[in-house]
Amino acid sequence: MECKYLNDLDAGLNFKTLKLEASRCLLCLDAPCSKECPAGTDPAKFIRSVRFDNLKGAAETIRENNPLGGICARVCPTEKYCQKGCLRCGIDKPIDIGSIQRYVCDFEQKTNMKILKKGVDNNKRIAIVGSGPSGLSLASLLLQHGYSVDLYEKNDKLGGYLRYGIPSYRLSNEVLDNEINKIIDLGLKYHTNTEIGKDITLNELKTYFDAVVVAIGYSKGKVLDMFKDNPYVESAVDFLKRIKENDGHVLVDDNVLVIGGGDVSMDICTSLKILGSTNVSAVVYEELFEFKASKKELEDARKHNVTIIDGYVPTACKDNHVTFKHRRLPYQLEMTADKIVLAVGQTYDLGNIDLEMERGQVKTKYNYQVGDSNVFVIGDISINKEKTVVGSVKSAKEALYYINKYLGGF
Amino acid sequence: MVNKDLSIEFLGVKFENPFCLSSSPVGNCYEMCKKAYEVGFGGVVFKTIGPKSYYIDEVSPRFDKLDKEDTPFIGFKNMEQIAEHPLEENLADLRKLKDEFPNKVLIASIMGNDEKTWEELARLVTEAGADMIEMNLSCPQMTSHAMGSDVGTNPELCKKYCQAVKRGSKLPMMAKMTPNITDMCEVAIACLDGGADGIAAINTVKSICNVDINKYVGMPIIDGKSSISGYSGKAIKPIALRFIQQMRDNPKLKNVEISGIGGIETWVDAVEFILLGASTLQMTTSLMQYGYRIVEDLKNGLMHYMEDKGVDSLKDLVGLANKNIIPAENLNRDYIVYPQIDLDTCIGCGRCYISCFDGAHQAMEFNKETRKPFCNEEKCVGCHLCALVCPVDAISKGKIKVKPNRKVDIKNLSL
């Protein structure tokens, strides 16, 4: 049976609709879109290339700036970044920049372009721990700058949250593999099923390599005390991983209560609906005006008839029964479900890696460096505040600069 | 990023890339040309410098555009004449540009009103440091009939003025042609006879772009009146390509070096001009609409094209398509190729049916139940109007039928 979970929810553009969308662009002076991307993407330039029939040039503009361009095109909450200030809003609605980028990156893949080049060997060796978006983008950047890179991943496949968190209907394994292969082609050495602190210690890496970068992300779902050790409760992270590892072939309950209102929560809700749950209700701390999930994710959940109840906090849980109170109003909500999924945020799982944490971050200087050691920390567990894929790319770019500096580059 | 050498030699001068500003409002002063060089143009044809005695007095407003449906600027109408700055100022700008950009090509466009002024202007721009001269024999909106396209349609006068310019300067020189003529070759040959080293083609096409239907006057309106003036932009690309092909096809002009002008906007346009024989390319309308920045995609796109074709030198592409444009009587008329409709792609709009019935041979049938078209090959002549109007590109070339009593090796047809 064909599994809807594996199909793109958004069909994307075809060549005709691509040209139409690009021709809506005003090609404005000082384009606001090009100032809003944490990773420094220049949509004004690549849309102009599309407009003037230069798809290959557009692909170069995207890829040379962002090693994960094809992934960001699919998962980035563009309304918070590039599309935010789009001047086309003065006429109707912003340009669909994400979809244009997606078409161009798919074109790059189809035409087998090799845009990124390995840098001239600089005899420096770097170890990266964790192959999520931060680790992967930094690996690509370092390889382009001539470093030798060893990437360590405790799971059996590369990708981290991209592989085990984002549902296939938003990011397929095929697209992810293509993006990872572009990095492997630059000469990446990778070691899967290898856990730092167990199979090899951080100290050993520090000795063998000129620098070690820890990019382990927030891989664990947070669990509020009232939900601990409850057989009805599963964390969103675990659930998403279970669905993705099984290509969507998992049995889901009929009535599911999802707690939380971020992108992860919306991913859970939409996945459940696609997989066949009859009733999916998300109870969310934030009220709709302050909603955290991206517009697209919220829209997808709504299109799939997810019930969204905003403004409530859980106050008690007994087995599969949860009591909520409204944050401002004298309302109380009692809910009983077959299953409860907690999507109330994520946290780090250091395992046996010896690093000092403070409020969810490893203590580092502004330059991502741990004290004066040769250890750097990027991504979710770093000082970088943007907990998105594009935020990861940003922290990787900044770290590249400081690692270069530290190792006597430029 | 792809990196290919885009340099090309034209009239003995090396251009780092073939893209130039054409002599027009886009290269009207030092600041503009400086920016164009910095953004990446290989050369600049400075706005035409005229004789000191000729006073430029412009109208306001002076432009108009032709739209079609939701596409603006299909064509553009311009009433501006040659450079309005004083002669000394223009010459000073040329000097400064050559001084600051010694590796970029600086072309001075000039226009005299008699032999003496042509010769004098040639001498002055040479002294100012220009690398090349372009003779403007073609501006269609001059207020003097001794200048512009009225001259450019007179081969004798063109030859005489070319000789005058050659007396004034030893620089390589190209003559810029007007398309407001039936046979451009005659004028081009006269110019070469007069000493021109190459040809620039085309200047703008005489036009009335729009008429204000309430005020009964052409656009733009200048105190209740308007004038015929030059039309440019994408709409004239087909006209430019035709003239360039005709010159390259003429035995006396076969190897003439050409600077191509007329509606160039994308690298694809550029390649088309090159394949028909242009070595350098000049642009105005697209720059007026979008700015000099579009040269980035012209260069990058051209590099990718060369990479894809395995070509390392731009000159290897010049004129490759000339031999494949032949007289209509020599075309193979022995076969019909029928349209092939991809019914999975077809969205059932019926546009092919409408156009075939109203504009072709009533061969397309349309099933209103299934909303799918069907080509009746009994009636179809293989004109492919249906393919041209299909909004989803569902119609391609399909089955070939050889006409009765003709011999065609179908396998070797190049469709």
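Chain naming here is simple, since letters A, B, ... match the order of the sequence lines and numbering starts at 1 in each. All values below were derived from every heavy atom in this structure, side-chain atoms included, with hydrogens, water molecules and symmetry-related copies excluded.
Heavy-atom contacts from other residues, nucleotides or ligands closer than 6.0 Å to CD of Glu174(A) number 12 or fewer. Counting non-hydrogen atoms of other residues, nucleotides and ligands closer than 6.0 Å to NZ of Lys309(B) gives a total of 12 or fewer. Counting non-hydrogen atoms of neighbouring residues, nucleotides and ligands closer than 6.0 angstrom, the NZ atom of Lys35(B) reaches no more than 12 such neighbours. Atom OH of Tyr190(A) is surrounded by 12 or fewer heavy atoms from other residues, nucleotides or ligands within 6.0 Å. Annotation for Arg351(B): atom CZ does not count as buried by contact number, only 12 or fewer foreign heavy atoms lying within 6.0 Å. Around OH of Tyr169(A), the count of heavy atoms belonging to other residues, nucleotides or ligands within 6.0 Å exceeds 12.
Heavy-atom proximity under 4.5 angstrom to chain A picks out Tyr290(B), Arg293(B), Ile294(B) from residues 278-294 of chain B. Within residues 16-52 of chain A, the residues having any heavy atom closer than 4.5 Å to a heavy atom of chain B are Lys16(A), Leu27(A), Cys28(A), Lys45(A), Arg48(A), Ser49(A), Arg51(A), Phe52(A), listed by residue number. Taking 4.5 Å as the heavy-atom cut-off, the residues of residues 264-273 of chain B that approach chain A are Glu265(B), Thr266(B), Trp267(B), Val268(B), ordered by number. Applying a 4.5 Å heavy-atom cutoff, the residues of residues 301-308 of chain B that approach chain A are Gly301(B), His304(B), Asp308(B).
Put simply, the side chain of Val2(B) does not reach to within 4.5 Å of the side chain of Lys56(A), judged on heavy atoms.
Counting heavy-atom pairs closer than 4.5 Å to chain A, the top-ranked of the candidates Asp70(B), Leu298(B), Val392(B), Asp297(B) is Asp297(B).
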